[in-house]
Amino acid sequence: MPTEAEHATPAPYDWVPPGDNMRWTLVGELGWHTLTLPLPLGDRVLAELGDASGAVIREDADRRQSWLIEPKAPAVQHLRSHPEITLSGNDGSFIFVPSLARRHLVWWRIPPTRDRLLTDADLLADAIAALRPGTRR
């Protein structure tokens, strides 16, 4: 059960649900697209990015995590056909957007803030390429 403080904590964006709710969101609807990796690779990419990573949504049931990136980012388009990588946006894809309270199997690995939302697609592509050399541009 969420505490009163969790209900009162404002989200940095009005699209982040309050309390312990989740929102099923059409990717692209909120001004960003996603790049999704399986959890083991995603953890290594996150470590490679360090503080350069923007917000990241983790889905424990599906064992994957998604970075929010600029729409149609040219730096990652070459990754579309890679079997471990999913790019979504303006294609009818949906993603669960969790609240800031971690109550579900979908949660913010790195919560969005006004200063930390989108991950630079060039840096993300470079981090993936450092771990999967066959993905270099």
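Residue numbers run from 1 in the order of the sequence given. Just so we're clear, the structure is a prediction, and the values are computed from it rather than from any experiment.
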Quiz item: Are a donor atom and an acceptor atom from the side chains of S93 and D91 found within less than 3.5 Å of each other?
Solution: yes
Self-check item: Over all atoms of both residues, closest heavy-atom pair of T135 and A129
Solution: OG1-CA, 3.3 Å
Quiz item: What is the minimum heavy-atom distance between G19 and A101, and which atoms define it?
Solution: O-CB, 3.4 Å
Quiz item: In Å, rounded to the nearest 0.5 Å, how long is the span from NE2 of H33 to NZ of K72?
Solution: 6.5 Å
Practice problem: For S53 and R116, work out which heavy atoms get closest and say how close. | Solution: O-NE, 2.6 Å
Quiz item: Would L68 end up clustered with V27 when hydrophobic side chains under 4.5 Å apart are linked, directly or stepwise?
Solution: yes
Practice problem: Could you tell me the separation between the CG atom of L41 and the NE2 atom of H82, rounded to the nearest 0.5 Å? | Solution: 8.0 Å
Practice problem: Mind running side chain to side chain contact (heavy atoms under 4.5 Å, CB included) on I95 and E29 for me, showing each step along the way? | Solution: CA-CA 11 Å; I95 190 168; E29 162 187 22; over 6 Å; no
Quiz prompt | Geometric class of the F96/W24 ring pair [parallel <30°, tilted 30-60°, perpendicular >60°] | solution = tilted
Exercise. With the side chain counted from C-beta on, respond yes when D126 and E48 share a heavy-atom pair under 4.5 Å apart, and no when they do not.
Key: no
Quiz item: Closest heavy-atom contact between P74 and E70?
Solution: CD-OE2, 4.2 Å
Practice problem: Check V16 against P98 and note the closest heavy-atom contact, atom names and distance. | Solution: CG1-O, 3.6 Å
Exercise. Could you grab the distance from atom OG1 of T119 to atom CD1 of I69, nearest 0.5 Å is fine?
Key: 8.5 Å
Quiz item: Can you name the nearest heavy-atom pair linking V45 to A127, along with the distance?
Solution: CG1-CB, 4.0 Å
Practice problem: Mark yes or no: R114 above the aromatic ring of Y13, with NZ or CZ under 6.0 Å from the six-membered ring centre and no more than 45 degrees from the axis. | Solution: yes
Quiz item: Do the side chains of S99 and R23 get nearer than 4.5 Å, heavy atoms only?
Solution: no
Exercise. Flag the pair I128 / L37 as yes when at least one side-chain heavy-atom distance between them is below 4.5 Å, and no otherwise.
Key: yes
Practice problem: Would you mind reporting whether I85 and T36 have side-chain heavy atoms less than 4.5 Å apart? | Solution: no
Quiz prompt | ILVMFWY cluster, W32 and M22 together (side-chain gap under 4.5 Å) | solution = yes
Practice problem: Flag the pair R58 / R102 as yes when at least one side-chain heavy-atom distance between them is below 4.5 Å, and no otherwise. | Solution: no
Quiz item: Would a hydrophobic clustering, with Ile, Leu, Val, Met, Phe, Trp and Tyr connected at side-chain separations under 4.5 Å, put L49 with L117?
Solution: no
Self-check item: Note, W108 side chain near V97 side chain (heavy atom, < 4.5 Å)
Solution: yes
Exercise. Before giving the answer on side chain to side chain contact (heavy atoms under 4.5 Å, CB included), spell out for I110 and Q65 the whole-Å C-alpha distance, their side-chain angles and the decisive distance to 0.1 Å.
Key: CA-CA 10 Å; I110 298 180; Q65 47 198 8; over 6 Å; no
Practice problem: Group every Ile, Leu, Val, Met, Phe, Trp and Tyr by side-chain heavy-atom contacts under 4.5 Å, then state whether L100 and L30 land in the same group. | Solution: yes
Quiz item: L39 and V106: same hydrophobic cluster, using ILVMFWY side-chain contacts below 4.5 Å?
Solution: no
Exercise. For R63 and P38, indicate whether the former's side chain and the latter's backbone hold a donor-acceptor pair under 3.5 Å.
Key: no
Self-check item: Criterion side chain to side chain contact (heavy atoms under 4.5 Å, CB included) on L35 and L87, from CA distance to verdict
Solution: CA-CA 5 Å; L35 184 144; L87 291 172; 3.5 Å; yes
Exercise. Would you check if the side chain of D43 reaches a backbone N or O of P40 as a donor-acceptor pair within less than 3.5 Å?
Key: no
